[in-house]
Amino acid sequence: MRLAFAGLIAATPAAAADGHVDRGAYLFKAAGCAVCHTDSEHGGPALAGGRALKTDYGTFYTPNISPDPIYGIGAWSDADFLKALRQGVSPDGSDYYPVFPYTAFTLLSDVDILDVKAFLFTQAPVPKPNRDHEIDFPFSVRWALIPWKILYFREGVFQGDPRRPLEWNRGAYLAKAVVHCGECHTPRNWLGALIKSQRYAGVVGGPDGMNAPDITPHPDALGSWSTEDIATLLKDGITPSGDFVGHGMRDVVADTAALTDSDRHAIAVYVKSVPPQPPPPKPGH
Amino acid sequence: METWRWKFSLAAATAVAAAVALMVSVRADDIAGIVANRQAAMKVLSANIKIVSDFTEGKTDTAAALAAATLLVATAKTVPSLFPPGTGMEALPGKSGARPEIWTKQAEFAGHAETLVTVTQTLLATVQTGDPAATREQLLLAGKDGCGSCHDAFRVKI
């Protein structure tokens with residue numbers, strides 16, 4: 001029963017269910033993988049990595065995830081790919097920095113992870129070497145990630161809540177495991193771990209200096225928004241007051257626009273259901 | 001269906017109030033007033049975008065959308081005048097999100113302002129065809145090229 005339920009939640013829409021590659025393409029887009037793994041700002045080739053992500057801990061350069069066997073992930077087995085997304089561990093056994101949101105992707109089903117791999121392996125290989133991260137001490141010490149993972153990382157596939165409607169569960173799966181909204185919208189503690197009790201409460205001065213607003217149903221946040229308002233924002237990037245979303249979210253909307261209406265609606269149902277949180281104080285006020 | 005009339009009146013009144021207040025504040029050389037009026041003008045833009053958006057979703061009629069799109073063009077044309085030097089975020093921290101680059105990269109900024117006029121004019125022309133789907137497409141394009149590109153380069157969120 002539990003398994004059947006989980007299977008329904010992770011069911012990618014029929015429109016995209018022509019095969020594993022198509023399902024993978026749908027999830028890949030929804031998860032926004034290309035946004036980070038392509039250095040669009042400098043015209044870098046698709047999926048070849050190299051985009052700089054400036055954080056409080058230093059600058060990370062995203063790796064090449066094209067199927068190039070030497071510089072990309074072309075030589076990875078299914079087990080390697082599963083381990084990377086489920087456990088945050090590379091094929092050579094080193095831990096990934098959680099700037100790669102495996103803390104979210106660990107929730108994905110095996111089928112979904114392998115469908116993404118199937119799609120990735122249909123893309124053009126790019127022989128472009130990875131650039132080393134420029135991280136400040138002590139975060140530059142990779143083994144420091146071991147206690148971090150013990151403290152903050154919970155490995156395991158998304159477990160739905162059978163007391164909630166199926167649509168809520170599908171929305172929670174998409175928001176948490178796939179679209180990973182919380183990576184930008186949930187505040188972090190001083191060690192960069194998401195504070196789950198403040199889910200979606202908003203972040204001032206997040207990665208690349210961007211602000212991510214409070215998206216909880218608090219009166220000072222999205223309290224007055226309907227489910228349709230949220231779904232419309234995810235489709236068109238337009239708010240109920242006629243504003244358009246800013247740069248970080250525009251990249252996200254370019255991808256959530258490709259979701260089906262029912263998946264966008266499911267995400268909106270879930271976002272409407274999280275506990276209200278007051279927005280963070282704004283600097284200069 | 002008379003709702004468009006009061007919507008039009010409301011939007012027009014806001015625009016006129018903003019324009020009048022702007023003239024007063026410029027004369028008074030009041031930075032806070034200039035910033036407040038600039039933000040009021042941006043609100044005029046978003047409020048009328050909302051009306052056009054409602055039209056594309058069948059929530060209001062063509063007449064209302066025409067009035068709103070006309071106001072969008074008119075307001076877009078005032079944008080360059082809303083940014084006198086010395087009225088950015090450094091002059092009024094926490095209140096203004098206008099980046100100093102507006103005045104150091106004037107040609108680029110002026111280019112964005114011209115784009116806003118062009119995209120709102122195209123939007124008006126599309127509304128005149130009465131086609132909600134085409135209007136939606138143009139509206140989103142206006143949001144990206146007209147609003148978004150300038151905000152990305154020249155605005156910080158406050």
Side-chain angles (χ1 to χ4, degrees), chain A residues 35 40-41 54 184-185 201-215 220-222 224-258 261 264-265 268 279-285, chain B residues 7 11 14 35 39 42-60 65 68-69 71-72 75 88-97 99 116 119-120 123 133 135-158:
Chain A
V35 172
S40 311
E41 197 186 331
K54 293 191 181 69
C184 289
H185 288 281
V203 172
V204 172
D208 285 344
M210 286 192 283
N211 299 336
D214 185 336
I215 55 167
D220 296 331
L222 305 195
S224 62
W225 291 37
S226 69
T227 309
E228 279 65 33
D229 288 338
I230 298 172
T232 298
L233 181 127
L234 293 172
K235 182 162 183 264
D236 294 334
I238 185 168
T239 71
S241 62
D243 277 333
F244 289 91
V245 294
H247 37 349
M249 192 62 191
R250 192 169 321 120
D251 290 342
V252 175
V253 168
D255 288 335
T256 52
D261 285 338
R264 271 190 297 270
H265 196 266
K282 290 175 179 174
H285 279 252
Chain B
K7 275 185 185 164
T14 317
V35 170
Q39 291 170 349
M42 295 297 163
K43 288 268 192 301
V44 170
L45 288 172
S46 64
N48 286 287
I49 284 165
K50 173 66 181 162
I51 295 171
V52 178
S53 172
D54 281 351
F55 161 70
T56 66
E57 294 175 326
K59 294 178 190 164
T60 190
L71 267 173
L72 283 175
T75 312
M89 55 191 285
E90 286 161 336
L92 213 59
K95 296 279 184 211
S96 172
R99 286 168 55 165
L116 181 66
V119 294
T120 50
L123 181 67
T135 302
R136 185 78 181 172
E137 203 173 304
Q138 186 57 38
L139 181 70
L140 299 181
L141 201 67
K144 189 159 71 76
D145 298 345
C147 313
S149 61
C150 191
H151 285 165
D152 286 357
F154 294 111
R155 177 190 66 166
V156 292
K157 268 280 198 186
I158 49 161

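Per chain, numbering begins at 1; letters A, B, ... match sequence-line order. Scope of the values below: all heavy atoms of this structure, side chains included, with no hydrogens, waters or symmetry mates.
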So which of S241(A), G248(A), P213(A) has the largest heavy-atom pair count under 4.5 angstrom toward chain B?
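If we count pairs closer than 4.5 Å to chain B, S241(A) comes out on top.
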Chain B interface, residue from V245(A), I238(A), D243(A), D236(A) that has the most non-hydrogen pairs under 4.5 Å:
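Top count of heavy-atom pairs under 4.5 Å with chain B: D236(A).
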Under 3.5 Å, is there a donor-acceptor pair between the side chain of D54(B) and the main chain of I51(B)?
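Not at all, since once roles are kept as given, no pair shorter than 3.5 Å links the two residues.
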Is the backbone of T256(A) close enough, under 3.5 Å, to the side chain of R264(A) for a donor and an acceptor to pair up by distance?
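Side chain of R264(A) to backbone of T256(A): a pair is present.
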Heavy-atom pairs under 4.5 Å with chain A, option from C147(B), G143(B), S53(B) with the top count
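Most heavy-atom pairs within the cutoff with chain A belong to G143(B).
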Among H151(B), K144(B), M42(B), R136(B), residue most engaged with chain A (heavy-atom pairs, under 4.5 Å):
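Most heavy-atom pairs within the cutoff with chain A belong to R136(B).
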Side chain, backbone, both or neither: which part of L45(B) has a non-hydrogen atom closer than 4.5 Å to chain A?
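For L45(B), no heavy atom lies under 4.5 Å from chain A.
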Please identify each residue that fulfils side chain to side chain contact (heavy atoms under 4.5 Å, CB included) with K43(B), with sequence neighbours left out.
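Listed in chain order: nothing, the list is empty.
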Steps toward side chain to side chain contact (heavy atoms under 4.5 Å, CB included) verdict (T135(B), V52(B)):
CA-CA 8 Å; T135(B) 302; V52(B) 178; 3.7 Å; yes
Is the count of non-hydrogen atoms from other residues, nucleotides or ligands lying under 6.0 Å from E57(B) atom CD greater than 12?
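Count over threshold, so yes.
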